[in-house]
Amino acid sequence: MAASRTTAGAPAPAEQRPARKGRTRVRDENGRRMPLWELILRYALLLGVLALMIGPFLWQLSTSLKGPHENIFSSPPSFLPSDPTLHNYTRVADTIPVWDYALNSLKVAAANVVTNCVGAALAGYALARLRYRGRKAATLVFILAMLVPVEGIIIAQFTTMRDLGLNNTLMGVLLPGCVSALNVLLMRNAFLNLPYEVEEAAFVDGANVWQRFFRIALPAVKGTLAVVAIFAFMGAWDDFLWPLIVLSDPDKFTLTIGLNYLHGTFANDERLVAAGTVIAVLPLIVLFACLQRYFFRGVGEGAVKG
(Lines give C-alpha, C1' and ligand atoms only; values in the text may rest on other atoms or scores of the structure.)
Protein backbone atom coordinates (compact mmCIF):
# COMPACT_ATOMS: atom_id res chain seq x y z
CA MET A 1 0.00 0.00 0.00
CA ALA A 2 2.85 2.37 0.86
CA ALA A 3 4.52 1.66 -2.45
CA SER A 4 1.23 2.30 -4.19
CA ARG A 5 0.78 5.63 -2.43
CA THR A 6 4.33 6.66 -3.25
CA THR A 7 3.85 5.80 -6.89
CA ALA A 8 0.51 7.54 -7.04
CA GLY A 9 1.80 10.68 -5.34
CA ALA A 10 5.04 10.96 -7.27
CA PRO A 11 5.13 13.48 -10.14
CA ALA A 12 4.92 12.06 -13.61
CA PRO A 13 8.15 11.87 -15.64
CA ALA A 14 8.92 14.81 -17.89
CA GLU A 15 8.29 12.82 -21.08
CA GLN A 16 4.82 11.79 -19.79
CA ARG A 17 3.65 15.24 -18.70
CA PRO A 18 1.12 16.86 -21.01
CA ALA A 19 2.49 19.79 -22.95
CA ARG A 20 1.22 23.18 -21.93
CA LYS A 21 -1.16 24.76 -24.36
CA GLY A 22 0.24 27.63 -26.35
CA ARG A 23 3.87 26.57 -25.93
CA THR A 24 5.74 24.64 -28.61
CA ARG A 25 9.01 23.12 -27.57
CA VAL A 26 11.47 22.54 -30.38
CA ARG A 27 14.23 20.06 -29.69
CA ASP A 28 17.35 19.20 -31.63
CA GLU A 29 18.54 15.77 -32.77
CA ASN A 30 19.88 15.04 -29.26
CA GLY A 31 16.61 15.85 -27.52
CA ARG A 32 17.94 19.13 -26.12
CA ARG A 33 15.52 22.03 -25.95
CA MET A 34 16.47 24.53 -28.64
CA PRO A 35 16.39 28.28 -27.93
CA LEU A 36 14.45 30.50 -30.29
CA TRP A 37 17.54 32.38 -31.49
CA GLU A 38 19.26 29.12 -32.43
CA LEU A 39 16.22 27.96 -34.38
CA ILE A 40 16.09 31.26 -36.27
CA LEU A 41 19.83 31.07 -36.99
CA ARG A 42 19.53 27.55 -38.37
CA TYR A 43 16.69 28.48 -40.70
CA ALA A 44 18.55 31.60 -41.84
CA LEU A 45 21.62 29.53 -42.71
CA LEU A 46 19.50 26.96 -44.53
CA LEU A 47 17.76 29.67 -46.55
CA GLY A 48 21.14 31.21 -47.40
CA VAL A 49 22.52 27.89 -48.64
CA LEU A 50 19.29 27.27 -50.58
CA ALA A 51 19.60 30.65 -52.29
CA LEU A 52 23.22 29.95 -53.26
CA MET A 53 22.41 26.51 -54.63
CA ILE A 54 19.06 27.10 -56.33
CA GLY A 55 19.37 30.79 -57.23
CA PRO A 56 21.61 30.42 -60.32
CA PHE A 57 19.44 27.65 -61.75
CA LEU A 58 16.26 29.68 -61.23
CA TRP A 59 17.93 32.63 -62.93
CA GLN A 60 18.87 30.48 -65.92
CA LEU A 61 15.36 29.05 -66.10
CA SER A 62 13.84 32.52 -65.97
CA THR A 63 16.23 33.80 -68.65
CA SER A 64 15.41 30.88 -70.94
CA LEU A 65 11.69 31.73 -70.76
CA LYS A 66 12.06 35.45 -71.52
CA GLY A 67 11.23 36.83 -74.92
CA PRO A 68 13.60 38.80 -77.17
CA HIS A 69 12.14 42.16 -76.08
CA GLU A 70 12.60 41.64 -72.33
CA ASN A 71 15.60 43.10 -70.59
CA ILE A 72 17.38 40.29 -68.77
CA PHE A 73 19.84 42.72 -67.14
CA SER A 74 17.25 45.00 -65.58
CA SER A 75 17.91 46.56 -62.17
CA PRO A 76 16.46 45.33 -59.89
CA PRO A 77 16.50 41.92 -61.59
CA SER A 78 13.21 40.32 -62.50
CA PHE A 79 12.94 36.57 -61.95
CA LEU A 80 9.45 36.21 -63.41
CA PRO A 81 9.24 36.74 -67.20
CA SER A 82 6.47 39.10 -68.22
CA ASP A 83 5.73 37.13 -71.40
CA PRO A 84 6.95 33.50 -70.99
CA THR A 85 7.84 31.67 -74.18
CA LEU A 86 9.42 28.36 -75.20
CA HIS A 87 10.78 29.79 -78.43
CA ASN A 88 14.35 29.80 -77.06
CA TYR A 89 14.26 26.01 -76.70
CA THR A 90 13.17 25.52 -80.30
CA ARG A 91 15.97 27.88 -81.36
CA VAL A 92 18.49 25.67 -79.57
CA ALA A 93 17.24 22.67 -81.53
CA ASP A 94 17.43 24.68 -84.77
CA THR A 95 20.97 25.88 -84.05
CA ILE A 96 22.59 22.57 -83.08
CA PRO A 97 21.38 18.93 -83.18
CA VAL A 98 20.79 19.06 -79.45
CA TRP A 99 18.70 15.88 -79.29
CA ASP A 100 21.37 13.85 -81.09
CA TYR A 101 23.96 15.15 -78.64
CA ALA A 102 21.64 14.38 -75.74
CA LEU A 103 21.18 10.84 -77.04
CA ASN A 104 24.95 10.34 -77.19
CA SER A 105 25.28 11.63 -73.63
CA LEU A 106 22.44 9.38 -72.51
CA LYS A 107 24.12 6.33 -74.02
CA VAL A 108 27.40 7.09 -72.24
CA ALA A 109 25.72 7.97 -68.94
CA ALA A 110 23.46 4.91 -68.92
CA ALA A 111 26.37 2.60 -69.70
CA ASN A 112 28.43 4.35 -67.01
CA VAL A 113 25.69 3.74 -64.45
CA VAL A 114 25.52 0.03 -65.31
CA THR A 115 29.28 -0.52 -65.26
CA ASN A 116 29.76 1.44 -62.03
CA CYS A 117 26.90 -0.24 -60.20
CA VAL A 118 28.01 -3.72 -61.24
CA GLY A 119 31.76 -3.17 -60.94
CA ALA A 120 31.63 -1.15 -57.72
CA ALA A 121 29.25 -3.62 -56.06
CA LEU A 122 31.42 -6.63 -56.94
CA ALA A 123 34.67 -4.93 -55.99
CA GLY A 124 33.22 -3.45 -52.80
CA TYR A 125 31.87 -6.83 -51.71
CA ALA A 126 35.22 -8.47 -52.37
CA LEU A 127 37.04 -5.82 -50.33
CA ALA A 128 34.57 -5.99 -47.46
CA ARG A 129 33.66 -9.68 -47.15
CA LEU A 130 36.11 -12.00 -48.88
CA ARG A 131 39.28 -13.16 -47.14
CA TYR A 132 42.44 -13.22 -49.25
CA ARG A 133 45.99 -11.97 -49.17
CA GLY A 134 46.50 -8.40 -50.26
CA ARG A 135 42.98 -7.21 -49.40
CA LYS A 136 44.27 -4.23 -47.39
CA ALA A 137 46.74 -3.38 -50.14
CA ALA A 138 43.94 -3.44 -52.72
CA THR A 139 41.88 -1.07 -50.56
CA LEU A 140 44.86 1.24 -50.29
CA VAL A 141 45.23 1.25 -54.07
CA PHE A 142 41.64 2.47 -54.49
CA ILE A 143 42.23 5.18 -51.88
CA LEU A 144 45.40 6.34 -53.64
CA ALA A 145 43.59 6.31 -57.00
CA MET A 146 41.25 8.99 -55.65
CA LEU A 147 44.22 11.26 -54.91
CA VAL A 148 45.46 11.29 -58.51
CA PRO A 149 44.02 14.26 -60.46
CA VAL A 150 42.39 13.49 -63.78
CA GLU A 151 44.54 16.08 -65.55
CA GLY A 152 47.66 14.17 -64.52
CA ILE A 153 46.69 10.97 -66.32
CA ILE A 154 44.61 12.30 -69.19
CA ILE A 155 47.51 12.06 -71.68
CA ALA A 156 48.10 8.44 -70.71
CA GLN A 157 44.39 7.75 -71.12
CA PHE A 158 44.41 9.33 -74.58
CA THR A 159 47.39 7.28 -75.77
CA THR A 160 45.80 4.12 -74.35
CA MET A 161 42.55 4.77 -76.21
CA ARG A 162 44.54 5.50 -79.37
CA ASP A 163 46.47 2.24 -79.11
CA LEU A 164 43.21 0.36 -78.57
CA GLY A 165 41.64 2.03 -81.60
CA LEU A 166 38.89 3.63 -79.49
CA ASN A 167 39.57 7.28 -80.27
CA ASN A 168 36.56 9.14 -81.63
CA THR A 169 34.15 6.53 -80.25
CA LEU A 170 31.64 6.62 -77.42
CA MET A 171 33.33 3.51 -76.01
CA GLY A 172 36.49 5.56 -75.64
CA VAL A 173 34.52 8.15 -73.68
CA LEU A 174 33.03 5.48 -71.41
CA LEU A 175 35.97 3.19 -70.70
CA PRO A 176 38.21 5.35 -68.43
CA GLY A 177 35.37 6.05 -65.99
CA CYS A 178 33.47 2.77 -66.17
CA VAL A 179 34.38 1.94 -62.52
CA SER A 180 35.16 4.78 -60.13
CA ALA A 181 37.40 4.31 -57.09
CA LEU A 182 35.07 6.47 -55.02
CA ASN A 183 32.09 4.27 -55.86
CA VAL A 184 34.04 1.13 -54.97
CA LEU A 185 34.89 2.56 -51.54
CA LEU A 186 31.28 3.63 -51.00
CA MET A 187 30.08 0.09 -51.67
CA ARG A 188 32.83 -1.36 -49.48
CA ASN A 189 31.75 0.78 -46.53
CA ALA A 190 28.11 -0.16 -47.10
CA PHE A 191 28.90 -3.88 -47.07
CA LEU A 192 31.08 -3.46 -43.97
CA ASN A 193 28.08 -2.08 -42.09
CA LEU A 194 26.12 -5.29 -42.60
CA PRO A 195 26.20 -7.78 -39.69
CA TYR A 196 28.38 -10.82 -40.31
CA GLU A 197 25.90 -13.07 -38.51
CA VAL A 198 23.39 -12.84 -41.34
CA GLU A 199 25.81 -14.15 -43.95
CA GLU A 200 27.18 -16.74 -41.54
CA ALA A 201 23.66 -18.11 -41.10
CA ALA A 202 23.25 -18.25 -44.87
CA PHE A 203 26.61 -20.00 -45.18
CA VAL A 204 25.49 -22.63 -42.66
CA ASP A 205 22.35 -23.14 -44.73
CA GLY A 206 24.53 -23.92 -47.76
CA ALA A 207 24.53 -20.58 -49.64
CA ASN A 208 27.61 -19.94 -51.74
CA VAL A 209 29.33 -16.58 -52.26
CA TRP A 210 27.18 -15.53 -55.22
CA GLN A 211 23.94 -16.43 -53.42
CA ARG A 212 24.99 -14.47 -50.35
CA PHE A 213 25.91 -11.52 -52.55
CA PHE A 214 22.73 -11.38 -54.64
CA ARG A 215 20.15 -12.48 -52.06
CA ILE A 216 21.45 -10.96 -48.82
CA ALA A 217 24.12 -8.30 -49.24
CA LEU A 218 23.01 -6.49 -52.40
CA PRO A 219 19.33 -5.97 -51.43
CA ALA A 220 20.48 -4.47 -48.11
CA VAL A 221 22.53 -1.66 -49.73
CA LYS A 222 20.00 -0.25 -52.19
CA GLY A 223 20.52 3.24 -50.80
CA THR A 224 24.24 3.20 -51.47
CA LEU A 225 23.63 1.68 -54.90
CA ALA A 226 21.36 4.61 -55.69
CA VAL A 227 24.12 7.01 -54.58
CA VAL A 228 26.55 5.24 -56.91
CA ALA A 229 24.06 5.43 -59.78
CA ILE A 230 23.51 9.16 -59.30
CA PHE A 231 27.22 9.91 -59.02
CA ALA A 232 28.00 7.81 -62.09
CA PHE A 233 25.26 9.44 -64.18
CA MET A 234 26.24 12.95 -63.12
CA GLY A 235 29.93 12.31 -63.78
CA ALA A 236 29.31 11.00 -67.29
CA TRP A 237 26.60 13.51 -68.19
CA ASP A 238 28.55 16.58 -67.03
CA ASP A 239 31.98 15.49 -68.28
CA PHE A 240 33.44 17.97 -70.73
CA LEU A 241 37.24 17.71 -70.85
CA TRP A 242 37.64 14.02 -71.69
CA PRO A 243 34.97 13.86 -74.45
CA LEU A 244 36.42 17.05 -75.91
CA ILE A 245 39.84 15.37 -76.19
CA VAL A 246 38.84 11.92 -77.39
CA LEU A 247 36.04 12.89 -79.83
CA SER A 248 36.60 14.62 -83.14
CA ASP A 249 33.50 13.69 -85.18
CA PRO A 250 30.63 16.18 -84.57
CA ASP A 251 28.10 13.38 -85.02
CA LYS A 252 29.46 11.69 -81.89
CA PHE A 253 29.66 14.76 -79.67
CA THR A 254 28.06 14.61 -76.26
CA LEU A 255 25.70 17.30 -75.02
CA THR A 256 28.28 19.25 -73.04
CA ILE A 257 30.51 19.61 -76.10
CA GLY A 258 27.58 20.46 -78.36
CA LEU A 259 26.35 23.20 -76.03
CA ASN A 260 29.80 24.75 -76.17
CA TYR A 261 28.90 25.92 -79.67
CA LEU A 262 26.19 28.09 -78.13
CA HIS A 263 28.73 29.77 -75.88
CA GLY A 264 31.27 30.28 -78.62
CA THR A 265 29.13 31.31 -81.56
CA PHE A 266 26.18 32.94 -79.83
CA ALA A 267 27.84 34.31 -76.70
CA ASN A 268 25.76 37.50 -76.82
CA ASP A 269 22.45 35.63 -76.86
CA GLU A 270 22.09 34.77 -73.18
CA ARG A 271 18.57 33.41 -73.68
CA LEU A 272 19.82 30.74 -76.07
CA VAL A 273 22.63 29.73 -73.72
CA ALA A 274 20.24 29.58 -70.77
CA ALA A 275 17.84 27.35 -72.68
CA GLY A 276 20.66 24.95 -73.54
CA THR A 277 21.77 24.90 -69.89
CA VAL A 278 18.28 23.98 -68.72
CA ILE A 279 18.10 21.17 -71.28
CA ALA A 280 21.39 19.80 -69.93
CA VAL A 281 20.34 20.00 -66.27
CA LEU A 282 16.82 18.60 -66.66
CA PRO A 283 17.80 14.87 -66.88
CA LEU A 284 19.81 15.17 -63.65
CA ILE A 285 16.80 16.60 -61.84
CA VAL A 286 14.56 13.80 -63.14
CA LEU A 287 17.07 11.14 -62.09
CA PHE A 288 17.43 12.53 -58.59
CA ALA A 289 13.66 12.86 -58.21
CA CYS A 290 13.27 9.17 -59.08
CA LEU A 291 16.05 7.96 -56.75
CA GLN A 292 15.83 10.41 -53.86
CA ARG A 293 13.98 7.92 -51.65
CA TYR A 294 16.93 5.54 -51.86
CA PHE A 295 19.56 8.26 -51.97
CA PHE A 296 18.83 9.59 -48.47
CA ARG A 297 19.05 6.13 -46.97
CA GLY A 298 22.81 6.56 -47.29
CA VAL A 299 25.42 3.99 -46.50
CA GLY A 300 24.33 3.10 -42.98
CA GLU A 301 21.73 0.53 -43.89
CA GLY A 302 20.91 -2.59 -41.89
CA ALA A 303 20.70 -6.09 -43.24
CA VAL A 304 17.43 -7.45 -41.91
CA LYS A 305 14.29 -5.97 -40.44
CA GLY A 306 12.26 -7.75 -37.83
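Quick caveat: nothing in here was measured; it's all calculated off a predicted structure. Any value given below was found using the heavy atoms of this structure, including those in side chains, with hydrogens, waters and symmetry copies removed.
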Evaluate Y89 against V278 for side-chain contact (heavy atoms from CB on, under 4.5 Å), listing each step before the verdict. CA-CA 9 Å; Y89 293 92; V278 173; 3.5 Å; yes

Does some side-chain heavy atom of V209 sit less than 4.5 Å from a side-chain heavy atom of Y125? yes

Using only atom types and a distance under 3.5 Å, with no angle test, would you say the side chain of N116 pairs donor to acceptor with the backbone of V228? no

Just by distance, do the side chain of T90 and the backbone of H87 share a donor-acceptor pair under 3.5 Å? yes

Checking L65, D83, T63 against E70 for side chain to side chain contact (heavy atoms under 4.5 Å, CB included), the one that qualifies is D83

Any donor-acceptor pair under 3.5 Å linking the side chain of T256 with the backbone of D239? yes

Check: G67 main-chain N/O paired with R271 side-chain donor or acceptor under 3.5 Å: yes

Any donor-acceptor pair under 3.5 Å linking the side chain of D251 with the backbone of D100? no

Student check: side-chain heavy atoms of F240 and N260 closer than 4.5 Å: yes

Measure the shortest side-chain to side-chain distance between I279 and W99 over non-hydrogen atoms and say whether it is less than 4.5 angstrom. yes

Any sub-3.5 Å donor-acceptor pair from N167's side-chain atoms to V246's backbone N or O? no

What's the separation between atom CZ in F142 and atom CG in L147, rounded to the nearest 0.5 Å? 13.5 Å

For the pair Y43 and L39, evaluate side-chain contact (heavy atoms from CB on, under 4.5 Å) and give the outcome as yes or no after the intermediate values. CA-CA 6 Å; Y43 275 100; L39 180 64; 3.3 Å; yes

Do W37 and L41 have side chains that approach each other closer than 4.5 Å (heavy atoms only, starting at C-beta)? yes

Would you call T169 and L174 a side-chain contact if the rule is heavy atoms closer than 4.5 Å? no

Heavy-atom distance under 4.5 Å between the side chains of R129 and F213, does that happen here? no

Give the intermediate values and the outcome of side-chain contact (heavy atoms from CB on, under 4.5 Å) for residues L186 and F231. CA-CA 11 Å; L186 285 176; F231 284 172; 4.0 Å; yes

Please check if the number of heavy atoms outside R135 that lie under 6.0 Å from its CZ is greater than 12. yes

Checking the side chain of S105 only, and the main-chain atoms of L255 only, is there a donor and an acceptor separated by less than 3.5 Å? yes

L127 and Y132 have their tightest heavy-atom pair at CD2-OH, 3.5 Å

For a 4.5 angstrom cut-off between non-hydrogen side-chain atoms, does Q157 reach I245? no

Whether N88 side chain and K66 backbone form a donor-acceptor pair below 3.5 Å: yes

Looking at every non-hydrogen atom in both residues, tell me the closest pair between N168 and S248 and how far apart they are. OD1-N, 3.0 Å

Taking A207's backbone N and O only, do any of them form a donor-acceptor pair with R212's side chain (distance below 3.5 Å, no angle check)? yes

Interatomic spacing from CG in N104 to CZ in F253 - rounded to 0.5 Å: 10.5 Å

For R91 and L272, indicate whether the former's side chain and the latter's backbone hold a donor-acceptor pair under 3.5 Å. no

Write down the atom of A220, the atom of L194, and the distance for their closest heavy-atom approach. CB-CD2, 3.8 Å

Between CG on residue L106 and CG on residue N112, distance to nearest 0.5 Å: 12.0 Å

Run the numbers on V281 and W237 for side-chain contact (heavy atoms from CB on, under 4.5 Å), then give the verdict. CA-CA 9 Å; V281 174; W237 186 268; over 6 Å; no

